[in-house]
Visitor: 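The following block contains the structure, expressed as structure tokens.
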There are 2 protein chains.
Amino acid sequence: MKQTAPLQHNYHHGDLYQSLLLTATEMIAEGGTESLSMRKLADRVGVSRTAPYHHFKDKNTLLCAIAEQGFERVETLLQEVRTSASPEPLATTFTQYVHTYIALAYQHREQYDLMFGREIWRNGTPTNSLLERSRQHFKSWLSWIEQLCQQNVIQTGDSVLRTAQVYWATLHGLCRLLNDGIYTEQSQLEEMANTAVNMMLKHQTTA
Amino acid sequence: MKQTAPLQHNYHHGDLYQSLLLTATEMIAEGGTESLSMRKLADRVGVSRTAPYHHFKDKNTLLCAIAEQGFERVETLLQEVRTSASPEPLATTFTQYVHTYIALAYQHREQYDLMFGREIWRNGTPTNSLLERSRQHFKSWLSWIEQLCQQNVIQTGDSVLRTAQVYWATLHGLCRLLNDGIYTEQSQLEEMANTAVNMMLKHQTTA
DNA sequence: CAATCAATCTTGACAGTGTCAAAATATCGC
DNA sequence: GCGATATTTTGACACTGTCAAGATTGATTG
């Protein structure tokens, strides 16, 4: 509420909340979720072990906040792609999105793992805020697939919902396969993305 | 080497190796990888904390052994399906395999997560034995996809390798989506599997 | 300005983890 | 039975998340 408060050190540390979020994201990017301990984080930020607990109830809550930012990023990407009045045909736009999505997941692999990993969704408890944002993102995706179906870019005999689920699963599966380094490497990324797009767009085509 | 040794307690404990493997698998099935600690495992088997370390160098090694058994299971499934001289058309066989695979992944969800999760593939170090077996399984999958391509059950303009990778990614993505409880529930499993199969089999069909 | 109150941060503590080193024990080949 | 070897145990260490109690700081009110 106070906007005129002097920046920096308006309290003990300043904006510790943001500082924690930022540093934690860095640490995760460097060495994954496991390399992030609340104690090391506090150390790196320069506060005592338990200081973070006044800004994040849990380690889980902190992780949820980071995951949430990841969802914001992909949501932004999706919206940008959808609203960009590109002269390209919609199929091309879709293809580009797939490539960008996979590239993004690879670029922020650790955060991506966090977004969909068991750390939050199985062990931990997703924050309401995170739940909402992730659901909203899937709705955006669903809505786009619906549009693509209506405009005959995607032709499927199955329901839009199922199609959206399976298509996203394909995308997600590719990302995991890549991120986990199983059966493949990043160099094959482009080709695999193209193959995936072919599979999706030519799904039940009659010509 | 000794086959005639009296069963049970031929040493301190008996066949501790197998006992550990079995109990650990149980514990994982019950509460996931995180609920398995070396100490609790030792407790449950009835030995001291560090006894397991004479049979498994690491917790990592133990986990790899469990994951390996998972790969053995799916490999067995794949071989059975392929060699069963079914009167059904190959497309039907493929569809059945997809359903069974997903069902299996769901039934042994924690073990499945272990097989492909970051616990082993990122944090830990996959055992040579595990590496080999997982690679061999992908080869089997690749070989099947190749066969299906040759017999025109799958029609794709892309390379067999890329097709196999993307198809497996789709399958895997579905399993994760399901296992992690993101965007979907098990009740939608059948339909989603069908949608996925449709997408794969009608990939670039001309009729 | 002084006093109160709440927000923030620190120190101490606890139970839990993986795993190494050294000591104890049991089994087997001779 | 003896010595070697495989197996198990006890003790210890550094690390984790997080709770409770106390100390410090900032904002608020009189």
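Convention: sequence-line order gives letters A, B, ...; per-chain numbering from 1. Values below: all heavy atoms of this structure, side chains included; hydrogens, waters and symmetry mates excluded. Because the structure is predicted, anything quoted here is derived from the model rather than measured.
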Visitor: Using atom NE2 of A:H54 as one end and atom C1' of D:dT25 as the other, report the distance to the nearest whole Å.
Guide: 13 Å
Visitor: Taking the side chain as everything from C-beta on, heavy atoms only, tell me whether B:H172 gets closer than 4.5 Å to B:Y112.
Guide: yes
Visitor: Apply salt bridge (charged side-chain N to carboxylate O under 4.0 Å, His left out) to the pair B:K40 and B:E30, showing each step before the final yes or no.
Guide: CA-CA 13 Å; B:K40 280 192 220 146; B:E30 287 168 12; over 6 Å; no
Visitor: Just how far, in rounded Å, is P of D:dG17 from CG of A:L20?
Guide: 13 Å
Visitor: Measure CG/A:D43 against P/C:dT10 and give the value in whole Å, please.
Guide: 11 Å
Visitor: Please report the distance, rounded to the nearest Å, between CG in A:D15 and P in C:dA7.
Guide: 17 Å
Visitor: Taking B:W168 as the fixed residue, which of B:Y97, B:F116, B:Y101, B:F138 is the one that meets the ring pair (Phe, Tyr, Trp, His ring centres under 6.0 Å) rule?
Guide: B:F116
Visitor: Please encode protein proximity along nucleotides 12-21 of chain C as a string of B, S and -, counting only heavy-atom distances under 4.0 Å.
Guide: BB---BBBB-
Visitor: Does A:H55 put a side-chain nitrogen or oxygen below 4.0 Å from OP1 or OP2 of C:dC9?
Guide: yes
Visitor: Check the side chains of B:Q165 and B:R162 for a donor-acceptor pair under 3.5 angstrom, ignoring hydrogens and angles.
Guide: yes
Visitor: For residues 55-64 of chain A, which residue pairs qualify under side chain to side chain donor-acceptor pair (under 3.5 Å), counting only residues two or more places apart or in two chains?
Guide: none
Visitor: Judged by modelled atom types alone, do A:S140 and A:E75 share a side-chain donor-acceptor pair under 3.5 Å?
Guide: yes
